Amino acid sequence: MNQPNRIDSGLLQDDEKPLTITEDPKIPNAATILLRKQDHTMGNMIRAQLLLDPTVLFAGYKVPHPLENDIIIKIQTDERSNPADALKRACHLLIRQTVHVKQQFMDQAKNIEMGMGPEQATNVGGYDPYGDGFGVGREGNVVVGGGVREGQQDVYDF
């Protein structure tokens, strides 16, 4: 078969580094990051989170070859930041979001076990990654494209 072993595709070798950052000599505040043993899932999450950062001018990723589990991320920032710091901030925010989603899931699972539906559960507050107030719904409302839309749930209108 032409497909590599799935177990080997996620494990790093002893001398292999998971991350390599190379500065771009032609473009200021730009870098190329090679993430080993990762796929489109991680690349797209990091790219999307980077694009939410106001200091990031460009963020994109590609998979060099479909049979290799490596991704290449290109980042360019303005003079207020550098690509390594932007990547670190994006990863920290993704970890916080993941923990928040896990907590919401556990809370809802507990509510279902207790016989309460989502409408009876108490809202524990929203997640606001940049602290600007646009990531948190007010009084149970859901944020939609930077504003709050009354009475709707899980709607994103960009």
Side-chain angles (χ1 to χ4, degrees), residues 6-65 68-111 118 121-149 153-158:
R6 289 181 189 255
I7 294 173
D8 294 336
S9 65
L11 298 175
L12 291 169
Q13 301 298 324
D14 291 336
D15 59 341
E16 195 173 27
K17 293 182 180 182
L19 176 91
T20 305
I21 299 177
T22 307
E23 288 187 27
D24 192 329
K26 297 179 183 177
I27 303 172
N29 290 334
T32 301
I33 294 108
L34 173 66
L35 285 176
R36 298 193 191 286
K37 307 301 182 187
Q38 298 298 330
D39 59 3
H40 284 286
T41 304
M42 186 64 70
N44 195 35
M45 285 188 343
I46 292 173
R47 179 200 58 84
Q49 190 65 47
L50 282 166
L51 290 174
L52 293 175
D53 190 335
T55 64
V56 174
L57 301 175
F58 174 82
Y61 83 97
K62 70 178 182 177
V63 176
H65 192 277
E68 296 175 10
N69 282 341
D70 296 338
I71 59 172
I72 296 173
I73 302 173
K74 296 217 180 235
I75 305 171
Q76 183 182 9
T77 62
D78 60 13
E79 63 278 348
R80 296 177 289 171
S81 184
N82 64 47
D85 289 341
L87 179 66
K88 187 184 290 188
R89 281 193 307 274
C91 290
H92 283 288
L93 287 170
L94 283 171
I95 290 168
R96 284 181 52 201
Q97 284 178 343
T98 305
V99 168
H100 182 71
V101 167
K102 179 182 177 184
Q103 185 60 49
Q104 284 181 325
F105 178 82
M106 298 303 286
D107 291 344
Q108 289 299 320
K110 188 187 321 177
N111 290 336
T122 57
N123 192 355
V124 184
Y127 175 73
D128 189 12
Y130 288 102
D132 58 3
F134 290 122
V136 179
R138 292 178 266 298
E139 300 174 19
N141 298 323
V142 176
V143 173
V144 180
V148 177
R149 185 178 288 177
Q153 292 184 1
D154 297 332
V155 178
Y156 296 96
D157 183 20
F158 294 100

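These numbers come from the heavy atoms of this one structure, side chains and all, not from hydrogens, waters or symmetry mates. Everything quoted here is computed from the prediction, not taken from an experiment.
Residues His92 and Lys88 are in side-chain contact: their nearest non-hydrogen atoms beyond the backbone lie under 4.5 Å apart.
Residue Arg80 comes nearest to Asp78 through the heavy atom pair NH2-OD2, 2.8 Å, listed as atom of the first residue, atom of the second, then distance. The two residues Ile27 and Gln76 have their closest heavy-atom pair at CG2-NE2, 3.3 Å. Arg36 approaches Asp70 most closely through the heavy-atom pair CA-OD1, 3.2 Å. For the residue pair Asp53 and Arg89, the shortest heavy atom distance occurs at OD2-NH2, 2.8 Å. Nearest heavy-atom pair across Lys74 and Thr32 is NZ-OG1, 3.2 Å. The minimum heavy-atom distance between Ala90 and Gln49, with the atom names listed, is O-CG, 3.5 Å.
Among Gln104, Gln97, Gln103, Arg96, the one residue that satisfies the side-chain hydrogen bond (donor to acceptor under 3.5 Å, both in side chains) test with His100 is Gln104.
Put simply, CG on Leu87 and OG1 on Thr77 are 11.5 Å apart, with the number rounded to the nearest 0.5 Å. Between Ile75 atom CD1 and Leu50 atom CG the span is 4.5 Å, to the nearest 0.5 Å. Glu68 contributes atom CD, which lies 8.5 Å from atom NZ of Lys37 (distance to the nearest 0.5 angstrom). In this structure, CE on Met42 lies 12.0 Å from CG on Asn69, to the nearest 0.5 angstrom. Interatomic distance, Leu34 CG to Leu19 CG, rounded to the nearest 0.5 Å: 8.0 Å. Rounded to the nearest 0.5 angstrom, Ile33 CD1 and Ile46 CD1 are separated by 8.5 Å.
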>> Show, in sequence, the C-alpha distance, side-chain angles and deciding distance for Arg47 and Leu51, and conclude whether the side-chain contact (heavy atoms from CB on, under 4.5 Å) test is met.
In response: CA-CA 6 Å; Arg47 179 200 58 84; Leu51 290 174; 3.2 Å; yes
